[in-house]
Amino acid sequence: MEYKFTTENFNAEVLESDVPVLVDFYADWCVPCKMMAPIVEEVAGSYEGKVKVGKCNIEENMDIAQKYRVMHIPTFIIFKDGQAVETSVGALSKAELEKKLQGIIK
């Protein structure tokens, strides 16, 4: 299942999560973000129960994007125990994204 992270639920769903969280920072107009959407959706299904995977629209949640210094999209940040532990900027292959997650959930 893919989550939608917003200013209202970010603390509860991401920072207070008892499993690692992958946040895809995106915008609706971003072509690379659109290319990543099916990959992110696949990863969400593959890692259900191990990693919470979701999206955060930077235009609707600018405060979160600013707090984590998201300057380019797509940006992927993996959170564990309330901390940002891995950041990747730009489109990734499914294998690259999974490799980053596997390094965190060991």
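Please read all numbers here as calculations on a predicted model, not as lab measurements.
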Revision key, fill the gap. From the list Ile64, Asp24, Val14, side chain to side chain contact (heavy atoms under 4.5 Å, CB included) with Phe5 holds only for Val14
**Study point:** Donor-acceptor contact present, side-chain Glu98 to main-chain Ala95, <3.5 Å
**Key:** no
Revision key, fill the gap. So SG of Cys56 and CE of Met62: to nearest 0.5 Å the spacing works out to 11.5 Å
**Study point:** side-chain hydrogen bond (donor to acceptor under 3.5 Å, both in side chains) involving Asn11 - partner list, sequence neighbours excluded
**Key:** none
Check your understanding: So do the side chains of Thr87 and Phe76 get within less than 4.5 Å of each other, counting heavy atoms only?
Key -> no
Review point. Can you name the residues that form a side-chain hydrogen bond (donor to acceptor under 3.5 Å, both in side chains) with Tyr68, not counting sequence neighbours?
Key: none
Practice item. With the side chain counted from C-beta on, respond yes when Trp29 and Lys34 share a heavy-atom pair under 4.5 Å apart, and no when they do not. Key: no
Review point. Counting distance only, does the side-chain N/O of Ser17 pair as donor-acceptor with the main-chain N or O of Pro20 below 3.5 Å?
Key: no
Revision key, fill the gap. Contacts of Glu86 meeting salt bridge (charged side-chain N to carboxylate O under 4.0 Å, His left out) (sequence neighbours excluded), chain-then-number -> Lys100
Review point. Between the side chain of Asn61 and the main-chain N/O of Thr7, is any donor-acceptor distance below 3.5 Å?
Key: yes
Point to revise | Stepwise side-chain hydrogen bond (donor to acceptor under 3.5 Å, both in side chains) check, Tyr47 with Gln102 | key: CA-CA 10 Å; Tyr47 285 84; Gln102 289 164 359; 3.0 Å; yes
Review point. Does any non-hydrogen side-chain atom of Ser88 lie less than 4.5 Å from one of Leu92?
Key: yes
